[in-house]
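Throughout, a chain's letter reflects where its sequence line sits, starting with A, and its residues are numbered from 1.
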Amino acid sequence: MATRKKVLLKVIILGDSSVGKTSLMNQYVNKKFTNQYKATIGADFLTKEVMVDDRIVTMQIWDTAGQERFQSLGVAFYRGADCCVLVFDVTSPGSFKSLDGWRDEFLIQASPSDPDHFPFVVLGNKVDLDNRAVSTKRAQQWCQSKNGLPYFETSAKEAVNVEQAFKTIARNALAQESDVELYNEFPDQIKLDGGSTDNRSSGSDNCAC
Amino acid sequence: MWVNPKEVLIPNTFWQNEKLSVYFLLQHRVGHGQGNKLSSLLVGTFDSFFETKPSPYRILHQTPSSEVYYEIACALTESDILKDWEWLENNLNLNIFENEDDVTDFVRCKIKSLVATNVSETPDEDNSESFKDASIKFHRLFNVSRDTTLVCYYACSYLKNKLPRRGWLYLSVEYLCFHSYLLGIEDKIVVRWTDVINLDKNNSMLSDTIKVTTRDKREYRFFMFLHSSDTFELMKQLVNLAMKGIINDVWFNKDHNLLLKVNKYVPKRQSFVKRDLDARAMSETYRLLFRLPLNEKLDGVTNATLYTPYNKKHVFGQVYLSQNFMCFNSKTTDPLNVVIPLCDVSQVEKLEPIPNDQSFDNSIIITLKLTSTNEKPPFFIFSQIMEREFFLKNISEILGNLETKSISKFQRVDSISDSEIKLPLRFTFRMKEHDNSIIKIKQRAKEVEWDLYFKEHGDGVSMYKTKELVKMVLVGIPESLRSNLWLKFSGAYHDMVANPGLYNELVNIASTTKSISHDEIERDLHRSLPEHPAFQSEIGINALRRVLTAYATKNPQIGYCQAMNIIASVLLIYCTEEEAFWQLACICENMLPDYYNNKVVGALVDQGVMDNLIANHLPFIYDILSRLGLIQMISLSWFLTIFLSVMPYQSAIYIVDWFFFDGAKVIFQVALSILEMNQKRLACCRDDGEAMQTLCNYLSGIYNEELEQSELYKDGDKIERSVSVQELINNGYKKFKSVNSKNIENLRVMNRLKVVQSMEDGNEKNIVRSLVPDNYFSSDELMDLLKFVREEVVSVHKRTHVQPLKAETPIEPYESYRIDFYLFETMFTVISPLAKNNGASNLAVRLFKLMDMNDDGFLNFRELTAALGLTSTVDVTIRLKMLYLLHLSPLLSNDLLSSTEPNISESGAEYASDAAEYFNANISRGIMCESNLNDLKSLRSVTNWKHSTICLPSMSEDRFVALCKTMYDLIENSAIDQEMHNSISKISAILLELGNLNKEESNKSENQNNSEWFINAEQFVATALTVQKLVEFIGARANVSQALHELRNN
């Protein structure tokens, strides 16, 4: 076996509008926070190189639009994801309730090979605010009910827990990545619905065998 | 007979010249004598109307210096062709033109319009008769609903198993049908437009083939059309109507005003609907061309020349007339476009001929009302109007109608003073650029240039829009003129003027209401244009809130869509609130249709169009993007925010200037320009992420030459400059000129088909997925049921005029399919074993009432599957309980019980079809009192067997008798015999006895004597279960797919 090639991990951030998806991504990648972000239209995107367990990994982080009417557009972005980050705002119970919907939607659209064990990571953001409305216990219970998803309470503004959360995300995504390679032996399912037939080539050519 | 001008390269083979003039040539075909018998062939059946017969006479047009001849007329007899020749000599004055190209342009245009009028003038009572026959035949041949109307029919061939079958293609608003009967073999095809996923026309060796692909992946090929492109256009239009129907839940309705118009001016043609469709298509093109409000309908078009005072010339073109506007568009190589709102017109009169100047022949002069900015009223002179009297009559009629409507316009004054308080934000929040003297000088220079233009070409809505104007727009409109010109270019001005005070009213309504849209807006107010000081202050935020909530109130179907906030905030910098509001409305409804609706369909469609355009114009880049898997991914925010969210707004604003002037095609031109300029960079990218990053950096680095920006910032970071927006625009304008509105509209039709159908597919899958856990049907069966309902849903929509659902009411996917009683009964009858008898309607009505949880007279798809499942797939015990339940009060009212006639089934489906009405009638008769409704509610809760432990109420004797009767009815038609009959008698007897025991029991236990006969559900079920045959009969698992198959073929 030759030297290991660089690994590319695709991470999708989902969650209701204005829970802080863009801020979390920027806090992690650029180590900064500003309240000057525009609402994300369509999707946005950043990359970051990190070391995970002695491997250099490029994380490709996709930030999506939160408004419900953009949900069906996710298809193109979801495909080939290695990890999905579900974000809610601890001050907004509505955004917590939506997690179920986001998770289902992702599983349907991305149709991963093993939906029960696909790595999700849940982030309760904006813990710096006083008017908290979703308790840690409630959030943990939900995560437990979904096969024990990792849960982090973060503040993109004050950089609380962001680094740790993304480290877990990267590690879980990497585990998924090696799983995926096994499945790549099989030809892609032929999808007949329009607009989603593009074959993704990235990530599959990493195997040096 | 005039024919559409077509080029003839060698004019003299087989043809002999008869007459010659400077521009025209009359010929007859060698070997064809006079008085030939072919003429008889043109008379007679409709079929021959479409046949081509060689005409022995023709007229060609040619200019002395040109090699190209155009055939403009042909005829079967010499006298006919001479008539045309004379008309040419008497009516066409071609000396007024300066060059020969103009002559040819004029002649071709003129002949085309003659052809157009001639077609509509063909009286042909025969045709309309034969059309009626065809229409009758259409309904006889195909099992389609009665209210579907035939639009057109064509002879063509259908390719079946590689063998052509000759027959007729029938096109109606809802269906495409084909019928052929040849050598004893009949072929029938019925396809719903809503099921079509692709239409394609290609040129094969023999003839054009039209390929139709449907959702079930079937392909139909039709060929050997006489006019394949006409047929294809009509098919495209019909399928597009169907798609728009699905998007907006608004279905085709005949335009009855047009009907009046038909009677007034034009003889009836073969199909009214076809005419209606043609008129729609023409009005749409007209509205797009001149940016007119959505409800504007084209009245007529005629050729004319317009006198342009600024260069003292006559420009040849077409005059369009509609209820509120008169417009002119040049037909020469120099673009010229004028829009005259008829409410501004003060006078229309004939212009006396000017001696020695024929160019002013047949003129009318239109004078506008005096406005404050003009010393003398502006006027327009149209000349060479062939049917001047008719035209004048038309225009005065329209002006007459206008007078009565215009009273409301006078209120305009009030609202202006109100909105002027809210100045554009650029006055309150000045950017540092405003104090830069160089920028100031540049702006001033532009203003001077525009002032000059206004002086010569007018400055109002009705300015002459020439090609100089395009150039001035491309370099950016000066800040001070933006609001004014945006409004007038985009056409938002017309809506604003027509609805004075509406904005303030909407703001008031919005301020006192609450909705999901309002919450969504609130969350985005600070995330719209945070880099501008205006939106770091409450003044700007409040203005933005007012505009967005007012719009959500005006158009609840759109409500609020992210991206609108970004556009609105930029508009507010340059416009007053009211102006920004109308501008936003114009973008959402007119310029970027369906972009911001609840599934952003329009933007997805245009993304598809973009891909087509990239493939056509930049194949190299298309390959790169396909390789990277970036097709359909890069451009969504470009479209939704007109680039405002992806590049610095001070640069993107120049694109917005051009966008308001030239429409949606600008976005495509700029997008192509961006990709083209990044060709090399994209080619080096290894993956999609890198490519996205490359484009993203490039876009953030686009700067504005004029602002002297040496540094650019994004989110507080310094960004490297990439290219100036001026260069980008120029590149797009020059290199992608061929991208025009017509081109885009065509591509949109096909992409709309794809987007809508894949959305429908997704929706179907979601519905099935969400209903599988109910456990009534397997997912295949659900899909089958859904497909069947879906096929019917269009006609259901039409029959009941369901209000379009608001964007902000979140609904479950299955709620979008609503089934009326008529359809329910049909399905219930074929599927459920409980419905195999004469009294099934009775049961169906009660079952429908039970399952219609919100009492709206419709079952949603989930309620439908529950109703069907509970009576045909669940365990027999539950089915028996259902049977029991359907005989309880209030479902089986006392009234129905006492009447000897089974009143529903007797009066048939028509009566029952409006179940809601029936129930309402019952309520009004006082049968279903309040407490009964409550009972109904508790009965409904019982239908949810899985979670409910509620016991069913006991049943009285008379109801039990009805239940027994139902059971007898059940087996009445079945082959099951005497034995079964006896079994039912036996259990009835047992149950009667049980009831008596129950009565005695309860009397005993409560020491009373007034208890009635009763049995309970458990007793009924237990007894019924003892009869094996009955269990087998009632408990049979329904075969859904077979039942639906039978239903379809009936």
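Chain A forms more heavy-atom pairs under 4.5 Å with one residue of Q693(B), K599(B), M759(B) than with any other, namely Q693(B). With chain A as the partner, the residue from F639(B), F535(B), Y560(B) showing the most heavy-atom pairs under 4.5 Å is Y560(B). Contact tally against chain B (heavy-atom pairs below 4.5 Å) for G66(A), A43(A), A39(A), A65(A): the top residue is A39(A). Here G689(B) is the residue among C696(B), S637(B), G689(B), S528(B) with the most heavy-atom pairs under 4.5 Å with chain A. If you tally non-hydrogen atom pairs under 4.5 Å between each of R523(B), Q607(B), Q562(B) and chain A, the highest count goes to Q562(B).
Residue-environment remark: NZ (K167(A)) stays at or below the threshold of 12 foreign heavy atoms within 6.0 Å. Summarising the local packing, NZ of K97(A) is surrounded by 12 or fewer heavy atoms from other residues, nucleotides or ligands at distances under 6.0 Å.
Between F45(A) atom CZ and L695(B) atom CG the span is 11.0 Å, to the nearest 0.5 Å. A distance of 7.5 Å separates CG in D44(A) from CE in M692(B), rounded to the nearest 0.5 Å. Separation of atoms CD (Q60(A)) and CD (E690(B)) is listed at 10.0 Å; rounding is to 0.5 Å. To the nearest 0.5 angstrom, D688(B) atom CG is 7.5 Å from L8(A) atom CG. Atom CZ of F70(A) and atom CG of L604(B) lie 9.5 Å apart (nearest 0.5 Å).
If you measure heavy-atom distances from L753(B) to chain A, you find no contacts under 4.5 Å at all. Of the atoms belonging to N198(B), not a single heavy atom falls under 4.5 Å from chain A. In this structure, the portions of E531(B) lying under 4.5 Å from any heavy atom of chain A include both its backbone and its side chain. Contact of N565(B) with chain A is made through the side chain alone, with heavy-atom distances under 4.5 Å. For chain A, the nearby part of Q536(B) is the side chain; its heavy atoms alone come within less than 4.5 Å.
No donor-acceptor pair closer than 3.5 Å links the side chain of R69(A) to the backbone N or O of V600(B).
Taking the side chain as every heavy atom from C-beta outward, D104(A) and R769(B) never approach each other to under 4.5 Å. Looking at heavy atoms from C-beta onward, K38(A) lies out of side-chain contact with T641(B) at the 4.5 angstrom threshold.
Nearest heavy atom pair, residue I41(A) against residue A563(B), reads CD1-N, 3.4 Å.
Side chains of S17(A) and R527(B): a donor-acceptor N/O pair is present below 3.5 angstrom, by distance only.
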